[in-house]
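These notes concern the structure reproduced below.
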Amino acid sequence: MREATLKKKILQVVYSYFLFFALVAFLVTCTTMLFVTVLSRSLEIELTGENLNTAAKLTFLNVLLLSVLFTVIDTVRRKLTTEKVTGHIVKAAEKIVKGDFGVRIAPINSLSADENYNVIIDCFNTMASELSSVETLRTDFISNVSHEMKTPLSVIQNYGKLLGAKDLSEEKRLEYAKAVTDSSRRLADMMTNILKLNRLENQKIYPVIKTYDLGEQLCESLLQFEGVWERREIEISTDIEEGVLVSADSELLSLVWNNLFSNAFKFTRDGGSVSLSVKADGEYATVKISDTGCGMTPEVGAHIFEKFYQGDTSHATEGNGLGLALVKRVVDIMRGEIGVESSVGVGTTFTVKIRRAGNGSEETL
Ligand code: ADP
């Protein structure tokens, strides 16, 4: 069936080509005969009808044959230059459609090929490598989430089973119930963070900008941890310059401060200290949050803003490695800067720079 359609198509193409060549040959023959007649008259040469008939037939056939010859040569040329290249591109595009993002097309070195094909090939290869890195991020993200969910889920399952046991002491019942609650809270926190990060990354959150006192916001955020520093006898010191105004989304920025303070307290042993400083620094407001905690190695420091990265596994149950990824995303959205200085056993300082009000922060967001 397909073969018959193909044959019919080829016949149609040949027929239309033949009609075109015949028309061209006819027109060229007419023009030539006209020219020969006029020339013979002016040269006073007598041409018989038979002579003219033979010349017309020869011219017609000549033009017809030459047209066929040139068309064949051009078809072969196109097969070698255009169709070969487009064939490669189509094959590669089909592989991408099937999900094979590793496909790349080699550039064409032939002199006869159109240089524009190399531009298309370049763009194609860039697109393929972008798609493959997005795919890697996606699969990494899925495997990280699944991995992170497994632990609290198995804790819930195990303690749930234990809770069902008969003659359980009151003390044990409370212990198991607490383990279940803690794990489900951890799961809920992780889901909240994933959703927040997802909304921030997809730009579904539009910053609500207002001008406010940064020092006041930082004090409020720090005060939320009062219970922690009192219980664990952590010393607090603050150096806050008055009247440092920023134009930013206060809700988003409070996410930054809460995460940084939460980490500072989490990684500082009892009796240590946490300090906060806020300074106007040219067009920026510079915030420093320091602790005398465990610190981190440069290798850990290089990865802390990655999703699900946890350098310190001893505190793994108190977080999910998403806090600093969120912090970084918010600081980026605010067109700010964040940096960290840390040394193992001595402590850590996070420095965040946010544009002060009236320094173009309103327009850049
Ligand atoms: P989480 O705290 O849930 O592990 P984060 O994204 O907040 O996730 O932090 C990532 C990692 O960065 C932590 O696991 C820890 O290794 C390191 N880190 C962050 N803040 C500090 C700090 N103040 N002191 C030492 N290490 C820190």
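Note that ligands are numbered from 1 as they come in the structure, with each ligand's atoms numbered from 1 the same way. Side chains are part of it too, since the values below use all heavy atoms of this structure and drop only hydrogens, waters and symmetry mates.
Residue-level proximity to ligand 1 for Asp291 is carried by the side chain, the only part with a heavy atom below 4.0 angstrom. Heavy atoms from both the backbone and the side chain of Gln310 come within less than 4.0 Å of ligand 1.
The Tyr309 neighbourhood of ligand 1 comprises atoms 10 (C), 11 (C), with distances under 4.0 Å to a heavy atom of that residue. Listed by atom number, the atoms of ligand 1 under 4.0 Å from Lys266 heavy atoms are 1 (P), 2 (O), 3 (O). Less than 4.0 angstrom separates some heavy atom of Gly323 from each of these atoms of ligand 1: 6 (O), 7 (O). When each atom of ligand 1 is checked for a heavy atom of Ile304 under 4.0 Å away, the hits are 11 (C), 12 (O), 17 (C).
Not a single heavy atom of Gly293 lies less than 4.0 angstrom from ligand 1. Heavy-atom distances between Phe305 and ligand 1 stay at or above 4.0 Å for every pair.
Not one N or O on the side chain of Arg355 forms a donor-acceptor pair closer than 3.5 Å with the backbone of Val246.
An N or O contact shorter than 3.5 Å is missing between Ala325 and ligand 1 by distance. On a distance-only criterion, Gly311 and ligand 1 share at least one N/O pair closer than 3.5 Å.
When Ile289, Asn263, Asp189 are ranked by how near their heavy atoms come to atom 20 (N) of ligand 1, first place goes to Asn263. Looking at Val274, Leu324, Thr297, it is Leu324 that brings a heavy atom closest to atom 6 (O) of ligand 1.
Residue Leu252 holds its CG atom at 9.5 Å from NZ of Lys196, rounded to the nearest 0.5 Å. Here the CZ atom belonging to Phe101 is positioned 9.0 Å from the CE atom belonging to Met127, to the nearest 0.5 angstrom.
Scanning all heavy atoms of the two residues, the minimum distance from Thr71 to Phe21 falls at OG1-CZ, 3.1 Å.
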What's the verdict on side-chain hydrogen bond (donor to acceptor under 3.5 Å, both in side chains) for Ser262 and Asn259, showing C-alpha distance, side-chain angles and the deciding distance?
-> CA-CA 5 Å; Ser262 151; Asn259 270 297; 5.4 Å; no
Could you check Asn118 against Glu115 for side-chain hydrogen bond (donor to acceptor under 3.5 Å, both in side chains), going step by step and ending with a plain yes or no?
-> CA-CA 5 Å; Asn118 276 334; Glu115 224 354 80; 3.2 Å; yes
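At a cut-off of 3.5 Å, with distance as the only test, a side-chain donor of Thr48 or Asn51 sits close to an acceptor on the other residue.
Taking the six-membered ring for Trp and thresholds of 30 and 60 degrees, Phe265 and Phe225 have nearly parallel ring planes, at less than 30 degrees apart.
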